[in-house]
Amino acid sequence: MAKKKSGSLSRREFVKVLGGGVIAAAGPTIFVPSRAWAQGTGPIRIGNIEPLSGPYADSGLDEMEGAQLANEDWNAKGGVLGRKIEMITEDAPSNPGIGVQKAKKLVERDQVDFLTGTLTSSVTVAVSDVAATAKVLFMAFGSHADDTTGSRSHRTTFRTTNQNYALSTATATWVAKNWKPKQVYHLTADYVWGHSARASMNRIFERFGVKEAGNDLFPLGTSDFSSYLIKVRGVKPDVLVVNAYGADQINCVKQFKEFGLGSNMQLCGPLSGTPMMKGIGTAATGVWGLSWHSTVDTPGSKKLRDALMKRYASSKKPEWRPSYRHYLGYVTHQQLLEAIARAKSTNKCAVIKALEGHKFDGLKWTQSQWRAWDHQNVQDVIVAKAKRDASWKSEDDYFEILGHLSGAEAYPDEAMWKQMGGRPLEPMSEIGC
Amino acid sequence: MAFTILQQVVNGVALGMLLALMAVGLTVVLGLMRVINMAHGALYTLGAYTVVTTFDRWGFLPSLLAAPIAVGVIGLVLEGVLIRPIYQRDPLHTLLLTFGLALIAEDLVRIVWGDAPYPMSPPELLSGILLLGDLPFSKYRLFVIVVSAALMLLTWMFLARTQLGRTVLAGTFDREMVRVLGIRINLLFTLVFGLGAALAGLAGALASPIRGVFPGMGSSIIMPSFVVVIIGGMGSFGGALIGGLSVGIIISLAVEFFPAASDVVVFVLLALVLLVRPRGLFGVEGLLSR
């Protein structure tokens, strides 16, 4: 159904006010030239890059809010190492060029100690390269592409969210075990992420003897899936796998409902989340891989959910709930600040050492870990069913959590990682440690 | 298999009718006024956003009515204020003007409605499928076919059966002669431009639950619409209809048989038509050179 215009406008203005405030706060210190000053007793400065305009603006705002909450928690306790935390957020819509420009600005002009944020894989990988060249630690919130901690990995980059391989493995395992399909059909977005999602799903399906009945690649940004869906109906697979994200996923699932395919076959996909379900609306269906949802029932997640509700719900619609993008922003900043406290230093070498191999409570069921050899956050992957019926009351109800696969089971081991093109991290000496 | 092909064809007809609605406005404006209207896609976008804006308050059908009216009025103003003063100049100037208008319109849409795509679904009554025998068809797409066919018929009756419409058609063949006969051709121009705009607005409104509502939707439809105009023949109403249908059906069938070529197949058709019959299927020879 059509979204209310007034809602989106007020949210946009909210971002502007927020962004303006951050810039105003940073204003007086922008032209301080010496890095030595920043490393002294002044605030710890974190440069945060988010898409605050463009198609992912909503998700970018969520990530920023999550990060902000973690900063505020620490500042309320007197900061880290006796220093306050200051975050400068820059808007970089899904354009790697702008991402690079903003990352350079944060590092060179604002002299930030750390970089965080980003959402799309293209911007993440570009910012990751800038951080490696500048020898600055970069904690990526988003980007599900395997390459981010694989063929494009860097010693200076850590990634919080689940990688594609793990999401696909968890979803395909659940589907194969519970639906026991004989054959599946893929609709795959024709770019790196889509291809790798399909390959990862098939790897699991083959293990369970599930055949691939067919695969159609569609161009990124396809709005009309009708012809593909009619074709799929003719093939009669047991399951349709939608390897698509964002608007593509929204259109595909809506038209799946329009053509009434739900009575002929099941639908699944490696990755979804609240932002997509907002667009899909009443057509919601399928089983999806998730990194987090507001209904995760662990004590840690409940606490985070309550804190986010308390902090932000008053500025949102009544049905609003924190999204997994809030979770990513919060957990990343929490982890970064904890690592600084453990290392007793903001020196990147010390912080990287404090993070590598560190096990922590990722607010899910089993422990999470920053894997030392690829800097991936190895964690539980959630498998959930999307639904939207008369009982829908709030964004909590977008998904019903079906189960989870532990990081140990879902993630590629070192041999598989190498086979997928994983590139060993640079030695510490190369980044000046 | 035969059933799947039949479904693909019906699906292609729905897409083709939308393209035909777009192409009629383009081709008549081109034929009568020699204006290559690059802003036609922006009018389509505005039609969809009209629906998005009025949907919550008025419901779907009234919004569907509001879109062509609102966009038609915008068309009348555009023609009267911006395009009319430069008719006497090179056709390239109107091309540049309308191209600029298209860019400005897209950014205005971004400012007013934001960058994010709007979720838009068919109304309850038209969602889901209709079973004809064993064959399922999307109710909404059948609705699109019926509505656009009715509108194409009305437009054709206006052009072929009314005094005013015949004058318009005569103008596309020889506007000097129409002017010599003492007809106020400027008034005709405004009317035809407004009509074309209204059809584009309606196409955008009809397409909104199928193709999604986003700021760049106009630039994604303008290219295939021009291809339809060229295949059908510039200035020809029948050409726009036949061209639209053939492009829609070919895209649908390409997905069934050669999905990798579904992007390219339209341009292959275009190249073939240009090689065999450069004026297009029903076009008038040398239209732009006169």
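Model, not experiment: these values are computed from the prediction. So that the names make sense, note that chain A is the first sequence line, chain B the second, and so on, each numbered from 1. Only this structure's heavy atoms are used, side chains among them; waters, hydrogens and symmetry mates stay out.
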Original post:
Checking heavy atoms, do the side chain of Ser220(B), its backbone, both or neither come under 4.5 Å from chain A?
Top reply: neither
Original post:
What part of Ser252(B) is in contact with chain A, defined as an atom under 4.5 angstrom from a non-hydrogen atom: side chain, backbone, both or neither?
Top reply: both
Subject >> Heavy-atom pairs under 4.5 Å with chain B, option from Ser223(A), Ser227(A), Gly262(A), Pro219(A) with the top count >> reply: Ser227(A)
Subject >> Parallel, tilted or perpendicular, as decided by the 30° and 60° cut-offs, for the rings of Tyr245(A) and Trp193(A) >> reply: perpendicular
**OP:** Pick one of side chain, backbone, both or neither for Ile230(A), based on which atoms fall under 4.5 Å of a heavy atom in chain B.
**Re:** both
Original post:
Do you know which of Thr4(B), Ile129(B), Ile5(B), Val213(B) has the most heavy-atom pairs under 4.5 Å to chain A?
Top reply: Ile129(B)
**OP:** Output, in order, the C-alpha distance, side-chain angles, deciding distance and verdict of side-chain contact (heavy atoms from CB on, under 4.5 Å) for Phe259(A) and Asn11(B).
**Re:** CA-CA 11 Å; Phe259(A) 281 88; Asn11(B) 193 53; 3.8 Å; yes
Original post:
Which word best sums up how the rings of Trp113(B) and Tyr49(B) line up, parallel for under 30°, tilted for 30 to 60°, or perpendicular for over 60°?
Top reply: tilted
Subject >> Polar side chain donor-acceptor pair, Ser294(A) to Asp396(A), under 3.5 angstrom >> reply: yes
**OP:** Quick one: sort the Trp320(A) and His326(A) rings into parallel, tilted or perpendicular, breaks at 30° and 60°.
**Re:** perpendicular
Original post:
Do you know which of Lys139(B), Arg211(B), Arg141(B) has the most heavy-atom pairs with chain A at a distance under 4.5 angstrom?
Top reply: Arg141(B)
Original post:
For Gln255(A), is it the side chain, the backbone, both or neither that has a heavy atom under 4.5 Å from a heavy atom of chain B?
Top reply: side chain
**OP:** Compute whether any side-chain donor of one residue and acceptor of the other, for Asp216(A) and Tyr185(A), lie under 3.5 angstrom apart.
**Re:** yes
